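Note that this is a predicted model, so its numbers are computed, not measured. All chains are named by letter (A, B, ...) in the order of the sequence lines, taking the proteins before the strands, and each is independently numbered beginning at 1.
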2 protein chains.
Amino acid sequence: MRLLEDGKAWTLLTSLDELKGFEESIGSRRPHGEAYSRDFRGPNWLDKRKAAAGFTERDPVVLIVGGGHAGLSIAARLRQLGVEALIVDRHPRVGDNWRRRYHALTLHNQVHVNHLPYLPFPANWPTYIPKDKLAGWFEAYCEIMELDYWTGTEFSGGSYDERAARWTVELRQAGGTRTLHPRHVVLAAGVSTLPRKPEIPGLADFRGRVLHSHEYDEATSWRGRDAIVIGTGNSGHDIAQDLYSNGARVTLVQRSPTLILNIEPSAQLVYALYGEGIPTEDCDLITTANPLALQRQYHRIVAAQSRAMDRELTDRLARVGFRNDEEDRLGWQFKYLERGGGYYFNVGCSDLIAERKIRLEQFSGLAGFGAGGAQTRSGEVIPAELVVLATGYLGQEHLVRRLFGDAVADRVGPVWGFDEAEQELRNMWMPTRQPGLWFNAGSFAQCRIYSKVLALQIKAREAGLI
Amino acid sequence: MRLLEDGKAWTLLTSLDELKGFEESIGSRRPHGEAYSRDFRGPNWLDKRKAAAGFTERDPVVLIVGGGHAGLSIAARLRQLGVEALIVDRHPRVGDNWRRRYHALTLHNQVHVNHLPYLPFPANWPTYIPKDKLAGWFEAYCEIMELDYWTGTEFSGGSYDERAARWTVELRQAGGTRTLHPRHVVLAAGVSTLPRKPEIPGLADFRGRVLHSHEYDEATSWRGRDAIVIGTGNSGHDIAQDLYSNGARVTLVQRSPTLILNIEPSAQLVYALYGEGIPTEDCDLITTANPLALQRQYHRIVAAQSRAMDRELTDRLARVGFRNDEEDRLGWQFKYLERGGGYYFNVGCSDLIAERKIRLEQFSGLAGFGAGGAQTRSGEVIPAELVVLATGYLGQEHLVRRLFGDAVADRVGPVWGFDEAEQELRNMWMPTRQPGLWFNAGSFAQCRIYSKVLALQIKAREAGLI
């Protein structure tokens, strides 16, 4: 409860925080370890870890699909509650979901807001974490938290048996296929799952390389060559800057008005609470205690501040024809929560556009594509050997449809984005209409905070409390 | 300063804690990371890390010999002060110094006292950490703290150039030899360095296998066979128990009276301060603030409590002829500080001895060894296919002599054990008579606490403050 100065209650939060009798095994409840220290004969800790991770003679209670921060968060939470969980991920190595992204990438928000559960980033870590450093952390986290994680494993879908109250799922690995019967499946594959590839007139005739942004990984081979990047979200801008910085000639194509913020200070305003001072747990509580209407009010104020701070930059962009999102009232974070994109945190690309070092074209100004590049409505040919589609991703409901079929997808409905009646993100961290199917995704902070609530709901079911 | 109830000062501690203008780069002084996040062109964090670790075009300021907890601690401390350090270790993988030890090993004291600098063990870790879990932590620590660490590298000695104020050191690797010129060498190879192998009558004639305890690694191949373990310190007891538990017939040979403590609660009494409550930094300050005379007084009290607690066990041991160290007055920790051993934390072996499941012989009762085992003075042959010499290690001064020659060793003198005039451990974490030569060793707690003082002294010299 938060109080006003006159003593009246302003907001009230009720939240699942702990199950009595099933507390997390941390601090004074940590495992004692006598079993390892006194039993000279039996298997030691490592033997047990290896045996457990194989799941050869039993099924995990929970299968977690995706081993990025979302998968790691929920796995760590479940383990502390004594619920056996297995993460599966298609990449060959833990952390590859970051390692394989573009060379210059760092996290776009600050270290203080991005801690995973139980193991905060150390005090000597940089404010903006580089991708490979983060990838190494994921690998270490997995080992330190004793998470069971199968790399090189593709989850190819499954079906739910209502009577047995369990799934039958197929896992493809280089060595063959494994079938498991978990009681719960947590999709932790990200807010952005399947690439969105819109129909672009004439692109089928283009003779160069076409990559969706999720396939793009390096710029050096495009040095001295022409590239067109379609899309002005974060990916489009970052890829355009990466190509330009490595010596490519780049045209960025804008499809719709975009919200532009400098990464500092304006993109960081929403995290003002988080810093070196207040403990993360307290920040998380304060952040989550606000009902949706209040959150909107808060973000309306921050967005206005941000607009004012970035005015000089957006004016410069407007002068070269960039269409700023002047309609925006709630700021970038609500764009993320409502549609998963539509903004760019400027780390330099907006300056390159304003300085005309990166050429800007409106999508509406293009007649279409041909063998050698794009053609403007005025007849000019923009040559290209590479076209990058930074056109975003489809929502998680599309992944549900692909993995579990139409019946499950129709039952579950849209995932992410607010449900106005419930005031919560649809299907996230709550029971869905499909028993045994759960979602964990979003920012590092969301996954840290809400993975706890999700793990407690699964534990309550497994313990027979509900 | 600690005060008595009447307001008088009881103890006063002065200690090097920070160099003004050269504060550690942590918390609000953490690196900001703008360099990585905005420079799309240049090398990224990983490129820089790889380039730095090679030391191809420059020398490390500090060379650290040994990559266990002592080496990791001082390397992490130096890095936070911006002093370039390189750890070298002969093992093929970080953590192997624990990984390669016997199967059932766990740390013999509790997690709360064993934190490394800057990154405490998580709250979900077991009270007694298993060796492989600790080895994994070392590997993760190295990555997380960005320490430069060359595995598979044997430090084969060096010489100091007084005029240039730097060392010339030789490093042997599989690919050849590297010569470096660090300004400082920190020996972090442990309190126990070179194995002590006493002359044992007739052992040269023994036809079975003879291993020093540091070479012993696994018991399963001795199942159903006879083994003799010489020495009743921690190593001797643990190895005897390991062999017995895996089905060997074991005789333990006692050379001198030994202090026996149950691992819980009596061996833990000295750590009473450390637990889930008080922050580690505060515990460390309280612990280190006591002058030597007070420490002795404290340990005298604890040792008496401990003796009383363990009386039932030591009585049982006495009945089978075990010689308990009845002369001891200061307890195990002073034995460690003064001679690096002479005690055993019972995790079950004392019970096996008392129950005569492990046979006990006094060394004085043996006539000597022959081809097939040992012979008692009464003429009985104790058959053996394996003899393990758990006869301890030589002090660090022996390593100094081997690595740097007689002149340096004579100048430096004994290392470890108290200097009564200075009231400090000889040569540890302080300037030695050999410029540029330093020592970091001891328990996890000692290395955590005093590595800071050592790093500050090196930083002060590099910054030209002294």
Side-chain angles (χ1 to χ4, degrees), chain A residues 24-28 30-34 36-42 44-47 49 76 79-80 99 102-108 111 118-119 122-133 136-137 139-141 143-146 219 238 241-242 244-246 263-264 275-276 347-348, chain B residues 24-28 30-34 36-42 44-47 49 76 79-80 99 102-108 111 118-119 122-133 136-137 139-141 143-146 219 238 241-242 244-246 263-264 275-276 347-348:
Chain A
E24 295 185 317
S25 53
I26 60 173
S28 56
R30 69 171 76 232
H32 186 270
E34 193 177 66
Y36 331 121
S37 61
R38 309 232 176 184
D39 183 4
F40 274 61
R41 213 168 327 219
N44 69 4
W45 171 84
L46 185 62
D47 299 329
R49 276 288 295 142
R79 185 173 173 82
Q80 259 43 253
R99 213 173 272 116
Y102 63 90
H103 194 71
L105 180 63
T106 70
L107 286 187
H108 277 166
V111 62
Y118 312 111
L119 191 71
N124 56 1
W125 272 41
T127 307
Y128 295 103
I129 304 176
K131 69 177 177 100
D132 294 290
K133 192 166 169 69
W137 181 260
E139 231 173 354
Y141 189 83
E143 158 86 21
I144 291 167
M145 292 287 141
E146 301 185 17
D238 283 340
Q241 186 172 359
D242 195 32
Y244 170 83
S245 300
N246 282 282
I263 191 166
E264 283 190 311
E276 302 293 342
V347 293
Chain B
E24 294 185 317
S25 52
I26 59 174
S28 56
R30 69 171 77 232
H32 187 270
E34 193 177 65
Y36 331 121
S37 61
R38 309 232 176 186
D39 182 5
F40 273 62
R41 212 167 330 220
N44 70 4
W45 171 84
L46 184 62
D47 299 330
R49 277 286 296 140
R79 184 170 174 83
Q80 260 42 251
R99 213 174 273 116
Y102 64 91
H103 194 71
L105 181 64
T106 70
L107 286 187
H108 278 166
V111 64
Y118 310 112
L119 191 69
N124 56 0
W125 271 42
T127 308
Y128 295 103
I129 304 176
K131 69 176 177 102
D132 295 290
K133 192 166 169 68
W137 181 261
E139 231 173 355
Y141 189 83
E143 159 86 22
I144 291 167
M145 291 287 140
E146 301 185 19
D238 283 342
Q241 185 172 2
D242 196 31
Y244 170 82
S245 301
N246 281 282
I263 192 167
E264 283 190 311
E276 302 293 343
V347 294

Below 4.5 Å, heavy-atom pairs only: which of A:K131, A:M145, A:E24 has the largest tally toward chain B?
A:M145

[X] vs [Y] side-chain heavy atoms within contact, under 4.5 Å:
{"X": "B:N124", "Y": "A:R79", "answer": "no"}
{"X": "A:P126", "Y": "B:H32", "answer": "no"}
{"X": "B:L46", "Y": "A:H103", "answer": "no"}

Measure distances from A:S25 to the heavy atoms of chain B and classify the residue's part below 4.5 Å as side chain, backbone, both or neither.
backbone

Which answer fits A:D47, side chain, backbone, both or neither, if we ask what part of it has an atom under 4.5 Å from a heavy atom of chain B?
side chain

Could you work out, with salt bridge (charged side-chain N to carboxylate O under 4.0 Å, His left out) as the rule, every residue matching B:R30, not counting sequence neighbours?
A:E276

Quick check on the interface: out of B:G27, B:A140, B:G275, who has the most heavy-atom pairs with chain A under 4.5 Å?
B:G27

From [X] [atom1] over to [Y] [atom2], what is the distance, rounded to the nearest 0.5 angstrom?
{"X": "B:L119", "Y": "A:L119", "atom1": "CG", "atom2": "CG", "answer": "6.0 Å"}
{"X": "A:I144", "Y": "B:E139", "atom1": "CD1", "atom2": "CD", "answer": "11.0 Å"}
{"X": "B:K133", "Y": "A:R49", "atom1": "NZ", "atom2": "CZ", "answer": "7.5 Å"}

Restricting to side-chain contact (heavy atoms from CB on, under 4.5 Å), what partner residues turn up for B:E143, sequence neighbours left out?
B:W45

